[in-house]
Participant: 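My structure is below; once you've seen it, I'll send some questions.
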2 protein chains.
Amino acid sequence: MLQNANFHHGKEATNVAFIDREPHCLLGLFKKLPIERLAAGQSLFFEGDPAKGVFEVVEGSLRIFKIISDGRRVITGFLHAGDIIGVSLKDRYLYSAEAITDIRIRRISRKSFDAEVANSPELRPEVFARLCDEMAAAQDQVVLLSRKNAEERVCTFLLKELLRVLCDGRGDLVIELPMTRLDIADYLGLTIETVSRTMTKLNKKAIVVPAGRHSIRILKRSGLAQLAGNDDENGGSRMEMAPHLKSLRH
Amino acid sequence: MLQNANFHHGKEATNVAFIDREPHCLLGLFKKLPIERLAAGQSLFFEGDPAKGVFEVVEGSLRIFKIISDGRRVITGFLHAGDIIGVSLKDRYLYSAEAITDIRIRRISRKSFDAEVANSPELRPEVFARLCDEMAAAQDQVVLLSRKNAEERVCTFLLKELLRVLCDGRGDLVIELPMTRLDIADYLGLTIETVSRTMTKLNKKAIVVPAGRHSIRILKRSGLAQLAGNDDENGGSRMEMAPHLKSLRH
DNA sequence: CGTAAGTTTGACACGGATCAAGTTATGTGG
DNA sequence: CCACATAACTTGATCCGTGTCAAACTTACG
């Protein structure tokens, strides 16, 4: 996990002046390290493996997932360029990581990473902030899986992907979705059929238009946001809710 | 969140020697602080409020939850004695916290907390460890909500509660469940009716026996574990899974 | 006791899963 | 570059688990 919130990833790869002295940010830790490559479908590590490395995604996308008893797969997140994998771990990886596309990554040993962070009062807040963002994302996912129906789930997902690429600069409303329908289904707690049907429905509503198998054009961002059913726009739970009235929800 | 993993909470309240010098653990930070009380049903803070405090639960239980647009409530966790609330936050609370029972808590300002942690190389690993445990718990919840059916959810919940109280010492297999059925339902992504029916079913299977409204006796812990469908017992996802075979899952 | 909140139980409905074809991309070897 | 093979995706028919609605029951408490 550890999606980067607002980084223009790789942009600061140009000014490499200070990095050997003291990195200003987490990504700086990786600058000097060699690039490794992984082909689409290859595994970076497995759930339960000793967490020996921390990784920066330089290019491409990964899925992180758990497999439960009977073989069911739960994708807990997608990772893209600029993200860092493996911070929120103690000794073992909590999940497996697999390349969706061909990827380029940099690797730092957990020992070095921990040492660098421990020694740098500048880095610690960034680690903490990333952990908090990751936590917030996990909770959003809990809300999605607890209470949202198929349409809300798909719209939430598309909106999130849209916001991610908008941060990357271009204002174009075409999102790349490198992952398969099965990946999306396993991420949203649905089946591929339901994801597919929901996409078709959104298309008929003229909210999105498919643009090839792995990208999609957003026609009505507002419509997406509305159907996503996020609580972001309303006042949240700020208003007092008298305990004896709670049962009114049902 | 931030359930304590294995603390015998309150036990070390007896040796108060060092705490004003340098606390050995996070809970030590709270030792000197006055106890505050909150009656059952009262709110500790609301989602979106400035995160001004960090709290130790001294006695009693709380629920933490989010309310989404149309009033639906998602409980993201329960807190009990020894737990700490408010670590994984930046400036605003991500959720509301409400007392389930009458509770006793201690409060420290976020400023003091951050300062103490920043100054103590002893405390930082503990904060980090608690964040990681919290993250792992959130991911378990994602797995539960993604792919588990009602029976698996309820069994997972009961098993977790069982393990929690077993850590507290006594080997008795009666668990206290201070929360209501509605709380459990909102935590497991179900309705009260489904929770109730599932409990009845587990009773008929002679796995549990109700012992008053707010406690339950576990007859077959192994049966619970089996029905919970955790991946803990199998080899996890260690075995290589050839990419072209993945679709066999469906 | 009597009232209300919490819980259980039953009947029924419906959203999404499952099962089954059919269709469209993606690649691969001739 | 085309023909073919295969994986990925879409669409349709049906089923089932859980939600919804309603009512009875139990517990807590004034």
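Lettering of chains follows the sequences in order, A, B, ..., and the numbering in each one begins at 1.
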Participant: I need the NZ-C1' distance between B:Lys148 and D:dG17, as an integer number of Å.
Facilitator: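 Interatomic distance, NZ of B:Lys148 to C1' of D:dG17: 18 Å.
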Participant: What closest approach, in Å, do B:Ala138 and A:Ala138 show between heavy atoms, and which atom pair accounts for it?
Facilitator: CB-CB, 4.0 Å
Participant: Measure from the ring center of A:Tyr93 to the ring center of A:Phe45 and say whether it is less than 6.0 Å.
Facilitator: yes
Participant: From CG of B:Asn149 over to P of D:dG19, roughly how many Å is that when rounded to an integer?
Facilitator: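 Going from CG in B:Asn149 over to P in D:dG19 covers 11 Å.
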Participant: Apply side-chain contact (heavy atoms from CB on, under 4.5 Å) to B:Arg197 and list each qualifying residue two or more places apart in sequence or on a separate chain.
Facilitator: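 If we apply the side-chain contact (heavy atoms from CB on, under 4.5 Å) test to B:Arg197, skipping adjacent residues, the hits are B:Glu193.
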Participant: In this structure, how many angstroms lie between the C1' atom of D:dG19 and the CG atom of B:Leu188, rounded?
Facilitator: 15 Å
Participant: Please report, rounded to the nearest Å, how far the C1' atom of C:dG15 is from the CZ atom of A:Arg147.
Facilitator: 15 Å
Participant: For residues A:Leu62 and A:Val57, report the shortest heavy-atom separation together with the two atoms involved.
Facilitator: CD1-CG2, 3.6 Å
Participant: In terms of the nearest nucleotide of DNA chain C, which residue is placed more toward the 5' end: A:Glu151 or A:Gly212?
Facilitator: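 Here A:Glu151 is the residue nearer the 5' end.
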Participant: Kindly give the atom pairs (protein nitrogen or oxygen, nucleotide nitrogen or oxygen) under 3.5 Å for nucleotides 7-9 of chain C.
Facilitator:
residue: C:dT7; atom: OP2; partner: B:Arg181; partner atom: N; Å: 3.0
residue: C:dT8; atom: OP1; partner: B:Arg181; partner atom: NH2; Å: 3.0
residue: C:dT8; atom: OP2; partner: B:Arg181; partner atom: NE; Å: 2.7
residue: C:dT8; atom: OP2; partner: B:Ser196; partner atom: OG; Å: 2.8
residue: C:dT8; atom: O5'; partner: B:Ser196; partner atom: OG; Å: 3.0
residue: C:dT9; atom: OP2; partner: B:Thr200; partner atom: OG1; Å: 2.5

Participant: Roughly how far, to the nearest 0.5 Å, is CD of B:Glu161 from CG of B:Leu224?
Facilitator: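 It is 12.0 Å, given to the nearest 0.5 Å.
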Participant: Could you tell me which residues satisfy salt bridge (Lys or Arg N to Asp or Glu O under 4.0 Å) with B:Lys205, sequence neighbours excluded, listed by chain and number?
Facilitator: B:Glu151
Participant: Applying salt bridge (Lys or Arg N to Asp or Glu O under 4.0 Å), can you list everything that pairs with B:Asp140, at least two apart in sequence or on another chain?
Facilitator: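 For B:Asp140 the salt bridge (Lys or Arg N to Asp or Glu O under 4.0 Å) partners, ignoring immediate neighbours, are A:Lys66.
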Participant: Using whole Å, what does the distance between atom P of nucleotide C:dG6 and atom CD1 of B:Ile100 come to?
Facilitator: 13 Å
Participant: Between the axis at one end of the helix from C:dC1-D:dG30 to C:dG30-D:dC1 and the axis at the other (five pairs apiece), what's the angle to 10 degrees?
Facilitator: 40°
Participant: Kindly write out the residues that satisfy salt bridge (Lys or Arg N to Asp or Glu O under 4.0 Å) with B:Arg104, not counting sequence neighbours, or none if the list is empty.
Facilitator: B:Glu59
